[in-house]
Amino acid sequence: MCWALQTKWLWLQKTDQSRPWHGLTIPIQQHVKDLFAASLISHVENGSNTLFWTDKWLNGCSIRDLAPEVASKVSKRALTSLTVSQALVNRQCIAHIKTPLSLIGIQQFLLLWDALGDVQLSQEEDRHVWRHEASGLFSSKSCYKVLLFGSTVFEPWKRLWKTWAPPKCKFFLWLAIRNKCWTADRLQLRGMPHPVVCPMCDQAQETIQHLLTACIFARQFWHTILAAIGLGHLTPTADEENFADWWRKASLRVVKTRKKGFNSLIILGAWCLWLQRNRAVFHGESPSLPRIFRCFPDEYVCWVIAGAKEFGSLGLVADLGEVGSSFSNNL
Ligand SMILES: [Zn+2]
């Protein structure tokens with residue numbers, strides 16, 4: 001289950017006592033509990049809503065961090081339920097420590113005893129601060145940032161997920177950019193039957209990057225489509241080895257007002273190339289530019305009807321069939 005959601009439950013349980021499930025035990029994964037514990041700083045006032053042993057309330061640290069030897073002698077139940085206010089009444093926390101303590105444990109206990117001497121409770125409610133937001137309040141966005149800290153960033157995420165396109169096409173392109181499509185290279189790695197050469201150009205090994213970018217079939221396709229909107233100069237070159245790189249560079253050279261339409265067009269084009277490839281592999285059809293240019297306008301019109309308003313900014317010819325027919329007539 002979603003880690004951010006589980007973290008939010010812990011936050012609400014801590015800060016919103018009006019929740020009907022406030023006092024119940026919620027099934028939360030241990031690493032989520034650890035993340036929450038590391039992300040929360042408690043400011044003790046009356047001490048009734050702060051856990052004595054595990055919450056970070058004493059100089060920004062928890063007692064378990066400050067005196068691990070002592071905490072190891074406390075029952076799990078006391079660790080997870082004893083509040084600061086309960087613990088400080090007549091120093092009842094001592095009653096939960098099982099003796100004997102080691103020498104280090106005794107040293108930690110004495111330091112702890114001194115530190116607790118300075119604690120004064122008040123009548124106010126305890127305050128809890130989420131460390132990853134300036135406001136101190138929990139947000140799912142900040143939680144995700146912490147969870148994904150250090151992970152690899154998927155560079156084209158904005159172009160892909162913020163662009164209008166049917167979800168299945170976006171999903172396909174997401175897999176393609178991550179080299180997760182079942183092309184020859186991937187099949188070969190797993191010892192599975194695979195085409196020896198690219199079924200579209202019969203010249204190079206089939207990879208998804210080649211299929212969508214450097215393949216002569218793909219480049220002729222892109223050139224025709226892009227030339228129709230005055231962007232023929234953005235056609236990928238034979239040296240272009242990475243689809244996402246080419247898309248990023250090409251997108252940067254498109255004016256802002258046409259960018260969304262351009263990005264939708266790229267997804268549509270990649271999708272048509274993939275369909276054409278699958279027909280070649282699974283139905284034995286010969287790769288055919290005239291055929292893909294008959295398929296492309298049909299898909300384009302379907303996308304427009306379904307809501308791809310951004311295409312309007314491209315000024316593509318009204319009758320897209322002409323794009324294909326004019327090309328095929330020139331073959
Ligand atoms: Zn090829």
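Just the heavy atoms: all of them, side chains too, but no hydrogens, waters or symmetry mates, feed the values below.
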Hphob cluster co-occupancy, [X] + [Y], side-chain heavy atoms under 4.5 angstrom:
X: Trp113; Y: Leu82; result: yes
X: Trp182; Y: Val281; result: no
X: Ile28; Y: Leu5; result: yes
X: Ile208; Y: Leu189; result: no
X: Val119; Y: Ile97; result: yes

State, to 0.1 Å, how close [X] and [Y] come at their nearest heavy-atom pair, and which atoms those are.
X: Phe243; Y: Ala270; result: CZ-CB, 4.2 Å
X: Ala165; Y: Ile267; result: CB-CG2, 3.8 Å
X: Cys272; Y: Glu299; result: SG-CG, 4.1 Å
X: Ser48; Y: Glu125; result: OG-OE1, 4.4 Å
X: Leu147; Y: Ala4; result: CD1-N, 4.1 Å

From [X] atom [atom1] to [Y] atom [atom2], the distance as rounded to the nearest 0.5 Å:
X: Lys158; Y: Asn263; atom1: NZ; atom2: CG; result: 11.5 Å
X: Arg291; Y: Arg279; atom1: CZ; atom2: CZ; result: 7.0 Å
X: Glu69; Y: Ile106; atom1: CD; atom2: CD1; result: 10.5 Å
X: Trp246; Y: Ile266; atom1: CH2; atom2: CD1; result: 3.5 Å
X: Gln276; Y: Glu285; atom1: CD; atom2: CD; result: 7.0 Å
X: Trp271; Y: Phe171; atom1: CH2; atom2: CZ; result: 11.0 Å

Please confirm whether the backbone N or O of [Y] pairs with a side-chain atom of [X], one donor and one acceptor, at under 3.5 Å?
X: Arg131; Y: Leu40; value: no
X: Asn59; Y: Cys61; value: no
X: Ser42; Y: Val44; value: no
X: Lys170; Y: Thr163; value: yes
X: Ser264; Y: Trp164; value: yes
X: Lys259; Y: Val254; value: yes
X: Arg159; Y: Lys260; value: no
X: Thr235; Y: Gly232; value: yes
X: His194; Y: Met192; value: yes
X: Asn242; Y: Ala244; value: yes

Quick one: are [X] and [Y] in side-chain contact, heavy atoms under 4.5 Å?
X: Met200; Y: Leu211; value: yes
X: Cys143; Y: Leu35; value: yes
X: Phe262; Y: Glu310; value: no
X: Ser62; Y: Trp53; value: no
X: Leu265; Y: Phe296; value: yes
X: Pro68; Y: Gln108; value: yes
X: Phe172; Y: Cys181; value: yes
X: Ser85; Y: Val89; value: no

Exercise. Return yes if a side-chain donor-acceptor contact under 3.5 Å exists between Ser139 and Glu133, otherwise no.
Key: yes

Quiz item: If you measure only the distance, is there a donor-acceptor pair under 3.5 Å linking the side chains of Ser122 and Glu45?
Solution: yes

Counting neighbours of [atom1] on [X] that are heavy atoms of other residues, nucleotides or ligands and sit closer than 6.0 Å, is the number greater than 12?
X: Arg190; atom1: CZ; value: yes
X: Glu241; atom1: CD; value: no
X: Lys14; atom1: NZ; value: yes
X: Leu110; atom1: CG; value: yes
X: Gln30; atom1: CD; value: yes
X: Lys8; atom1: NZ; value: no

Exercise. Quick one: do Phe36 and Trp9 satisfy side-chain contact (heavy atoms from CB on, under 4.5 Å)? Show the steps, please.
Key: CA-CA 10 Å; Phe36 183 72; Trp9 288 347; over 6 Å; no

Quiz item: Out of Thr83, Thr50, Asn49, which residue meets the side-chain hydrogen bond (donor to acceptor under 3.5 Å, both in side chains) rule with Asp126?
Solution: Thr50

Exercise. Please assess Asp185 against Thr183 for the test side chain to side chain donor-acceptor pair (under 3.5 Å), listing each intermediate value before the final yes or no.
Key: CA-CA 6 Å; Asp185 56 330; Thr183 43; 2.7 Å; yes

Quiz prompt | Trp130 and Phe138 aromatic ring geometry - parallel, tilted or perpendicular at 30°/60° bounds | solution = perpendicular

Quiz item: Which of parallel (below 30°), tilted (30 to 60°) and perpendicular (above 60°) describes Phe311 and Trp303?
Solution: parallel

Practice problem: Carefully, step by step, assess Glu240 and Arg219 under the rule salt bridge (Lys or Arg N to Asp or Glu O under 4.0 Å). | Solution: CA-CA 10 Å; Glu240 210 74 62; Arg219 287 191 291 122; over 6 Å; no

Quiz item: Can Tyr300 and Ile225 be said to form a side-chain contact (heavy atoms from CB on, under 4.5 Å), step by step?
Solution: CA-CA 11 Å; Tyr300 181 94; Ile225 297 299; over 6 Å; no

Exercise. Just do the side chain to side chain donor-acceptor pair (under 3.5 Å) check on His96 and Ser75 with the steps written out, would you?
Key: CA-CA 7 Å; His96 296 273; Ser75 69; 5.1 Å; no

Practice problem: Using the side chain to side chain donor-acceptor pair (under 3.5 Å) rule, take Glu124 and Asn46 through it: C-alpha gap first, then chi angles, then the decisive distance, then the call. | Solution: CA-CA 6 Å; Glu124 305 289 321; Asn46 62 15; over 6 Å; no

Practice problem: Please assess Leu88 against Leu116 for the test side-chain contact (heavy atoms from CB on, under 4.5 Å), listing each intermediate value before the final yes or no. | Solution: CA-CA 8 Å; Leu88 295 186; Leu116 292 178; 4.2 Å; yes

Exercise. Kindly determine whether Val84 and Leu51 satisfy side-chain contact (heavy atoms from CB on, under 4.5 Å), including the steps that lead there.
Key: CA-CA 6 Å; Val84 173; Leu51 294 177; over 6 Å; no

Self-check item: His128 and Trp11 aromatic centres sub-6.0 Å
Solution: no

Quiz item: Are Arg277 and Glu206 ion-paired here, with the side-chain N under 4.0 Å from a carboxylate O?
Solution: yes

